[in-house]
Every structure is written in structure tokens, then in C-alpha cells.
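The block underneath contains the structure these notes are about, expressed in C-alpha cells.
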Amino acid sequence: MAKNDRFEKIYSQGGLTSLEIWVDKKTGVNYLYRQSGYSGGMTVLLDKDGKPVITHNEEY
């Protein structure tokens, strides 16, 4: 895995205000990124039990 290939965007919606889901290819952990104008934030995407959502390697 190249240095810049650790994260992959797997979902995107919106324009000026956007939501994206990124996967850490090393751990499989999913992150939710929300951007609005010049600001944005990222957090771990959690399931209904409060555990991180994991995408397994064969899924992406």
C-alpha cells in the first residue's frame, strides 16, 4: 500500500454541504466526514450498538 492510499472515499452526496464516508484500508474502520462551506469535521461512523462500522477488505 502506497503512503497516500490508506483512505478511500466510498460514498459522497451533496454539493456545497456534503457528506462523505471514508474507509481506512488498514483497519477497515469507516469515518463520516461532513463539510459545509469552509468548515468540516470527521468522526468514526458507529453502528446501533455504539461500535465502529467496519468494512472488510473484500468489500472495497
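- Atoms CD1 and NZ, on I10 and K25 in that order, are 11.5 Å from each other to the nearest 0.5 Å.
- Listed by first and then second residue, the salt bridge (charged side-chain N to carboxylate O under 4.0 Å, His left out) pairs involving residues 12-21 are K9-E20 (not counting sequence neighbours).
- Between the OH atom of Y31 and the CH2 atom of W22 there is a distance of 13.0 Å, given to the nearest 0.5 Å.
- Considering all non-hydrogen atoms of both residues, T17 and S36 come closest at OG1-OG, 3.5 Å.
- In this view, L19 and Q13, L32, R34 satisfy the side chain to side chain contact (heavy atoms under 4.5 Å, CB included) rule, not counting sequence neighbours.
- In this structure, P52 and V29 approach most closely via the heavy-atom pair CB-CG1, 4.3 Å.
- A salt bridge is defined here as a Lys NZ or Arg NE, NH1 or NH2 lying under 4.0 Å from an Asp or Glu carboxylate O, and R6 with D24 meets this definition.
- Scored by the side chain to side chain contact (heavy atoms under 4.5 Å, CB included) test, V53 finds N30, L45, D47 as partners (sequence neighbours excluded).
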